Amino acid sequence: MDSNSPAIPMVPPSWRVAWLAAVPVALCLLVMALPTLGHSQALAYRALYLVANALWVPALVVMQRWLWRNSVALWPSILALLAATYAMSLANSALGVALALVMGLPIPMPFPWWQLLSGLDGCWLALIAFCAAHAMIGHYAALKEEQRRLGQAELAAREAELRALRYQLHPHFLFNALNGVSALVAEKRDDDARTMIAQLGTFLRATLDGHSHEVPLAEELALTETYLSIEKARLGERLQLQWNVGAGVLDAIVPALLLQPLVENAIRHGIARRSTPGRIGIDIAARGDRLSLQVRNDGADVVMEDSREGDALGQSNVRERLARLYPERHHFSAMETASGYKVTIEIPLLRPVVAPVAA
């Protein structure tokens, strides 16, 4: 950090922290007063010091909070607190003299005021101990609060990145879908074009209305089926589907829009390049505490000059979102096979948290 930049003031903790720091000091004073039980004069002095110290606590708290809020350096703060607690200890000694007068105890006259300096150790050390305890607990509470704020900031940044990655898919998909509608219109397949437009509207409404980055698998499968129905209207019998969804996985939590970009790549670079029908297989199963998802497709049998740039976009998008949602807890692989292409994903098998029903 730039040495010329102003120091960031520490936000003082709540007053509850101050009273928490005062408890152990008060207990120590009470323990120190135990030997004076049965000695009325000594007990009265101990009680006076305990009450006086309790009354000084709010003033010390206000002083420390002012020092923290104004970012006063450590040593000036220590010297200021030592001076303040010393003055409070002198005041306590003066109160002890006043108590002696009230109790009718013999006091030499003229009174040797220098004797006020004796017996300061008990009061002064107690006040110093409170300031130290208050500072430690206060700084610990401030550290935890700062960690909480940093955690919230990191969570907000992660949320923004995930949302940006999610919405990055829409322009790419929309471009392809509109090209498909244009192709249907050019081929005078008006009914198929209208069906595709209606299904496109359903798909976009479902994706744009979604605010969660993770959804139940059943919801993700329904969205993928809506997308496939759009492509089915364009490709007809050329698109064959094979679903293998294992038992007990429909309520598993998965990233939203996980399958759609992978299926879109499979169609664009596999099925759409074929002169004969091609198959897309989607296999989903639970394997212990992991959820395995696989998208495979038949390869092209027509040579085309376009690149796999869209493939890279969809796969890198999914890979980045998985890295942010499940760091070090996921697996992603994509490879060509003898018959086409295959993408395999493994993520933690997570279930929705069900709140307990009140009796």
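Since the model is a prediction, treat every value here as computed from it, not as a measurement. Only this structure's heavy atoms are used, side chains among them; waters, hydrogens and symmetry mates stay out.
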Self-check item: Polar side-chain atom of Ser89 near backbone of Thr85 as donor-acceptor pair, under 3.5 Å
Solution: yes
Self-check item: Cluster link Ile280 to Val245, ILVMFWY, side chain under 4.5 Å
Solution: yes
Quiz prompt | Ile230 side chain near Thr202 side chain, heavy-atom distance below 4.5 Å | solution = no
Quiz prompt | Shortest non-hydrogen contact from Leu291 toward Ala252 | solution = CD2-CB, 4.1 Å
Self-check item: Common cluster, Tyr86/Trp75, ILVMFWY with side-chain heavy-atom separation under 4.5 Å
Solution: yes
Quiz item: Please walk me through it: do Asn265 and Tyr341 pass side-chain contact (heavy atoms from CB on, under 4.5 Å)?
Solution: CA-CA 10 Å; Asn265 286 337; Tyr341 202 74; over 6 Å; no
Exercise. Taking atom CD of Glu237 as the centre, report whether more than 12 heavy atoms of other residues, nucleotides or ligands fall under 6.0 Å from it.
Key: no
Exercise. Go through the steps to decide whether Glu220 and Thr224 satisfy the test side-chain contact (heavy atoms from CB on, under 4.5 Å), and finish with yes or no.
Key: CA-CA 6 Å; Glu220 178 65 13; Thr224 304; 3.9 Å; yes
Quiz prompt | Validation row: Leu257, Arg321 side chains within 4.5 angstrom (heavy atoms) | solution = yes
Quiz item: Is the closest side-chain heavy-atom distance between Leu90 and Trp124 below 4.5 Å?
Solution: no
Quiz prompt | Pairs meeting criterion salt bridge (charged side-chain N to carboxylate O under 4.0 Å, His left out) with involvement of residues 279-294, two or more places apart | solution = Asp283-Arg296, Arg290-Glu346
Quiz item: Lys342 side chain to Gln294 main-chain N or O, any donor-acceptor pair under 3.5 Å?
Solution: no
Quiz item: Same cluster or not: are Ile128 and Leu74 linked, directly or through other Ile, Leu, Val, Met, Phe, Trp or Tyr residues, by side-chain heavy atoms under 4.5 angstrom apart?
Solution: yes
Quiz item: Under a 4.5 Å cut-off applied to non-hydrogen side-chain atoms, are Arg351 and Asp251 in contact?
Solution: yes
Practice problem: Of all the heavy-atom pairs spanning Arg273 and Arg238, show the shortest one and how long it is. | Solution: N-NH2, 4.5 Å
Quiz item: Quick one: are Asp192 and Glu187 in side-chain contact, heavy atoms under 4.5 Å?
Solution: no
Quiz item: Looking at side-chain heavy atoms only, is the closest gap between Phe130 and Leu81 below 4.5 Å?
Solution: no
Self-check item: Common cluster, Tyr140/Ile137, ILVMFWY with side-chain heavy-atom separation under 4.5 Å
Solution: no
Self-check item: Passing candidate, side chain to side chain contact (heavy atoms under 4.5 Å, CB included) with Glu214, options Val254, Leu258, Ile253
Solution: Ile253
Exercise. Find out if a path of hydrophobic residues (ILVMFWY) with successive side-chain heavy-atom gaps under 4.5 Å connects Met136 to Trp68.
Key: no
Exercise. Given side-chain contact (heavy atoms from CB on, under 4.5 Å), test Trp66 with Val72 step by step and report yes or no.
Key: CA-CA 9 Å; Trp66 184 89; Val72 179; 4.1 Å; yes
Quiz prompt | Note, Leu262 side chain near Ile282 side chain (heavy atom, < 4.5 Å) | solution = no
Quiz item: Taking it one step at a time, do Ile345 and Val318 satisfy side-chain contact (heavy atoms from CB on, under 4.5 Å)?
Solution: CA-CA 10 Å; Ile345 293 172; Val318 170; 4.0 Å; yes
